[in-house]
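Below, chain A is the first sequence line, B the second, and so on; all start at residue 1.
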4 protein chains.
Amino acid sequence: MTISSPRSAILLMHCPDAKGLVAAVTEFIARNNGNILALEQHVDPQVNQFFMRVEWDLATFAIPDDKIGDYFDTLIARRNGMTFRLHFSEERLRMAVFVSKPSHCLYDILGRVQSGEWQADVPLVVSNHPDHAAIASSFGVPFHHYPITKENRAAQERAQIALCREHNIDLVVLARYMIIVGTPFIEAFPERMINIHHAFLPAFIGAKPYHRAYERGVKLIGATAHYVTADLDEGPIIEQEVNRVSHLDSIEELTRKGFDVEKITLARAIRRHLERKTLVFANRVIVFN
Amino acid sequence: MTISSPRSAILLMHCPDAKGLVAAVTEFIARNNGNILALEQHVDPQVNQFFMRVEWDLATFAIPDDKIGDYFDTLIARRNGMTFRLHFSEERLRMAVFVSKPSHCLYDILGRVQSGEWQADVPLVVSNHPDHAAIASSFGVPFHHYPITKENRAAQERAQIALCREHNIDLVVLARYMIIVGTPFIEAFPERMINIHHAFLPAFIGAKPYHRAYERGVKLIGATAHYVTADLDEGPIIEQEVNRVSHLDSIEELTRKGFDVEKITLARAIRRHLERKTLVFANRVIVFN
Amino acid sequence: MTISSPRSAILLMHCPDAKGLVAAVTEFIARNNGNILALEQHVDPQVNQFFMRVEWDLATFAIPDDKIGDYFDTLIARRNGMTFRLHFSEERLRMAVFVSKPSHCLYDILGRVQSGEWQADVPLVVSNHPDHAAIASSFGVPFHHYPITKENRAAQERAQIALCREHNIDLVVLARYMIIVGTPFIEAFPERMINIHHAFLPAFIGAKPYHRAYERGVKLIGATAHYVTADLDEGPIIEQEVNRVSHLDSIEELTRKGFDVEKITLARAIRRHLERKTLVFANRVIVFN
Amino acid sequence: MTISSPRSAILLMHCPDAKGLVAAVTEFIARNNGNILALEQHVDPQVNQFFMRVEWDLATFAIPDDKIGDYFDTLIARRNGMTFRLHFSEERLRMAVFVSKPSHCLYDILGRVQSGEWQADVPLVVSNHPDHAAIASSFGVPFHHYPITKENRAAQERAQIALCREHNIDLVVLARYMIIVGTPFIEAFPERMINIHHAFLPAFIGAKPYHRAYERGVKLIGATAHYVTADLDEGPIIEQEVNRVSHLDSIEELTRKGFDVEKITLARAIRRHLERKTLVFANRVIVFN
């Protein structure tokens, strides 16, 4: 999905399983002279759902961009009780990065964006601490400091929501943002807010996971990137990774080793979201390849 | 693909990329009242080839089993310059296991087959040493001892080919068989002979890879399962895995740690083959999920 | 620690940290003409404890085997408030394997023992089901069937304890034994009973972890080998491993992939125990290299 | 080894194995009232060498810093034919980062240094391209552009050596620097020049490893951090890591996935060097824990 690639359309869909679904969708594309670039499909018998992602070249496609959704809805989706999303390959998402004290994910995200690794922009960095203003500044990104107290929390969050809306933010990334985000903010960005939790969920939900990993004497530490829902650390998981540790590792050392796992895990999850390869159903994430 | 699953047909195919291929294949299935259980498709732009694996329920399929291949060939394959293979889910492959001194892969394979993990039978174990007759016997599998010398090699191999044919062997597994297999044997089982090499190919091609891994001071050791071709250790790779080692590991310890990597790697590759999820093109293996 | 190695003594010890501990222990060995083969030491500042494992060649050691413990106790341990264990390299542990329906760990353990990979014997296999009598028999190991009901449970467990004692069992391995073991049995084998839990603890404590892993949509599944304590799945962790899974994996597939992780994890933990490389302190296991 | 830790001394040593070596060293420390913080020792029977790293608290140590080396040399090292290095925990290394076009390792290193993760400074970034001047500048690091041609190569390298000496560089990091460094430069920084090779050595030595990985159809890609020697890609390996890939990955995708493996692998190797945990012997690196 680099810029030099052909313009393509991406459809993500799911519906109750039935015969002929793949044929119907692919015939729709072929009949209108589209060439399929990638297609992944599977049926989950546990929930009797059909899932599919299909991407096709728009160069010779007969239907204009702004009509594809309508036509697909009428000809395919409604007849099959299908939920679908349509994207175009040239879309460039706008990400807001929220961060507290640990800066490793912030550095990693800004470096990837600046080097052009991702097809995305970061128009703003938000923090409850003033510390990382210089980092944001050195990457040329405006920094917004919202100190949070018990008293001002709801008000500050309303301001943050407004800020994100004003900047047309598509994706909110909680890149080790250590404030629990309220339901209004979460509901303003459904399946568009990604958090990195510094543990292998569902182990060590909540605070101080590395302390608890030390106490439990685990032999691997992990990180989990998930879409944020109203239930803390219970949102659908996009990506997880682990790293080996040993009795030699102090809590500080677990934390430091964990930083590398966190930043890689979060980056992979963000990429999958940017590539339009994630689809949430029943609190699970289908991550297409 | 357990026995309690519905009877299904599996098609593996590849051809030069073109528009409408997925639609053509899935429409063929849908029109004849088949329900797709799994479909994976991709295009490799480096070689401009379209690859697909599709599996569908035969319960209500209109075309009788023995006609599916013909119909597909006529209606789809020939028109698109397509190479394809057709399988049925109830097929139960017959594997010959070849082994020399190290017994870990032999134990692992026989245990999996006896416990019913795989939809396969092992009607014979072949070795150039007499040592493992008791293992084969304890699993109720006939053991064939073919001592190999420079002089008798070609003749013994002819006898082995004959033995495999007599027992209708579908897949020859070289489970740490330390004799280089001759071209006639390889050509008798094209893409149906799997070897486990005790290194992360293409590192340490040839003999004594753990000795060389020790000398090179690598920090990970690996294993590679591949289809055997006439070029030693150059066949298309089905699966690879690694394990961490350190300066503390002697050659003996590298070897012992490697045993676990080898048996898991080989088992995964065999399973993929049994599930009809491998397709070879240009010395690379497409491994469907 | 193969049989061809020199006879060696192994000391495992811990005590409050103090100056001169390594010097005192190594000087004890050197003064009596022992050559150190391996030494690992570390201090955990979180608990202010010194931990060490040292192994030395007995060929020229001046103190007879049966006096080493006494001398070390008098000259080193008592003066430093040290807890220690002494082992000799030629010791060959006797393991009892307890198993229910899944047989993969049983096969793996019996294969390793029979092939001589481990310096251990398995004089008995115990199960609450009769199914695996033939497996034990094919490996020449006596099989003991103890059906468990609510009513007979305590009595059956007393019989199992008696059986293990009668056979001088050193290590009880719960190799996917799906019965919760009672406190009297656990206390009869302190730090000598290893369980494999089919999840990445502390995630998915208790029953049906693969079902819950499916529902939670995790991207890695894991296994945990731990010493059994009276708190279910809370015992000190010896080894953990994970494997990648995806939305494509049904509960059955998660279970099957998990089998490989379980057997490798359990085997590594057993090996570390056999090599006298584990030391438990504060519910954490020091696993020496 | 954070700044708040006690001041400590670190000794790295090796010599032919003999009795009493650990006792002699630890007794030297204990007699002079030092408290050991960490000790790792092992004997490699393949080369009959004793290796040890010991770190002790200097707070109460009787010998002044500038005499420790002399005393140790006289009392311990000479008598045992021992090679040793002495370091102090407060040392802060000066790293020069050399980079060509790919910027991921550069970003990663500068972010770690700026955030204080490492006890090191980067006083200069060197490149054969002008592209990354802005990155260095945004991190406040002087950037030196040395265009390289066949003709000016030797002269430019002499200038680079002079630059590194002038800035008292302790460690040269080739962070995806795509120019082959000449022997004079390598010999000026023996065991003090680290390269990241974008393959799992000894696989894919030399140019374009991701292209060759694609062609060979490997299922894992890797990266190798090693000390640079006069033999290209043959220097002693400090760290290796891999990541899973599939037939779906184009060369571009392999490259992109490889970037993450490279930066993590290089960072781990640098950290081990900074912590004085590496010791080279016979082209192998002992990496202490």
Side-chain angles (χ1 to χ4, degrees), chain A residues 40-47 49 51 199-205 209 211-227 234-252 265 268-269 272 278-289, chain C residues 40-47 49 51 199-205 209 211-227 234-252 265 268-269 272 278-289:
Chain A
E40 273 186 78
Q41 170 274 342
H42 88 286
V43 175
D44 187 331
Q46 250 102 0
V47 291
Q49 283 282 312
F51 299 95
F200 183 84
L201 289 176
F204 307 128
I205 288 173
H211 287 73
R212 290 149 68 204
Y214 171 85
E215 280 155 25
R216 186 63 189 90
V218 293
K219 299 303 183 191
L220 299 168
I221 50 161
T224 304
H226 62 94
Y227 287 115
E234 297 283 3
I237 295 170
I238 309 168
E239 173 66 343
Q240 298 186 292
E241 190 51 275
V242 295
N243 194 12
R244 194 156 286 276
V245 297
S246 84
H247 61 274
L248 293 171
D249 293 308
S250 62
I251 292 171
E252 291 70 34
T265 304
R268 287 186 194 152
R272 288 316 196 187
T278 60
L279 193 165
V280 178
F281 186 83
N283 210 44
R284 289 157 45 91
V285 187
I286 315 296
V287 183
F288 295 101
N289 277 310
Chain C
E40 271 185 78
Q41 171 275 344
H42 88 284
V43 175
D44 187 332
Q46 249 103 359
V47 290
Q49 283 281 311
F51 299 95
F200 183 83
L201 289 176
F204 306 128
I205 289 175
H211 287 72
R212 289 150 67 202
Y214 172 84
E215 281 156 23
R216 186 64 188 89
V218 293
K219 298 304 183 192
L220 299 167
I221 50 162
T224 304
H226 62 94
Y227 286 116
E234 297 282 6
I237 295 170
I238 309 168
E239 173 68 341
Q240 298 187 292
E241 190 52 275
V242 295
N243 195 11
R244 194 155 286 274
V245 296
S246 84
H247 61 276
L248 294 171
D249 294 307
S250 62
I251 293 171
E252 292 69 33
T265 304
R268 286 186 194 153
R272 289 315 196 187
T278 60
L279 194 165
V280 178
F281 186 83
N283 210 45
R284 288 159 44 91
V285 187
I286 316 297
V287 182
F288 295 102
N289 278 310

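Of the atoms belonging to C/Glu241, heavy atoms from both backbone and side chain fall under 4.5 Å from chain A. Contact annotation for A/Ile251: both backbone and side-chain heavy atoms come within less than 4.5 Å of a heavy atom of chain C. Interface remark: C/Asn283 contributes backbone and side-chain atoms alike to the contact with chain A (heavy atom separation under 4.5 Å). When heavy atoms are compared at a cutoff of 4.5 Å, A/Tyr214 approaches chain C by way of both its backbone and its side chain. Both the backbone and the side chain of C/Ser250 come within less than 4.5 Å of a heavy atom of chain A. For A/Arg244, the part lying under 4.5 angstrom from a heavy atom of chain C is the side chain only.
By number of non-hydrogen pairs under 4.5 angstrom with chain A, the leading residue of C/Val285, C/Val287, C/Val242 is C/Val287. Of the listed residues (C/Ile205, C/Ile238, C/Val43), the greatest number of heavy-atom pairs within a distance under 4.5 Å of chain A belongs to C/Ile238.
Contact between A/Gly217 and C/Ile237 at its shortest, heavy atoms only, is O-CB, 3.7 Å. Scanning all heavy atoms of the two residues, the minimum distance from A/Glu252 to C/Gln46 falls at OE1-NE2, 4.3 Å. Minimum heavy-atom separation, A/Phe200 to C/Leu220: CZ-O, 3.3 Å.
No side-chain heavy atom of C/Asp44 sits less than 4.5 Å from a side-chain heavy atom of A/His247.
Between the NZ atom in C/Lys219 and the OG1 atom in A/Thr224 there is a gap of 11.5 Å [rounded to 0.5 Å].
Between A/Arg216 and C/Glu234, at least one side-chain nitrogen of the basic residue sits less than 4.0 Å from a carboxylate oxygen of the acidic one, meeting the salt-bridge criterion.
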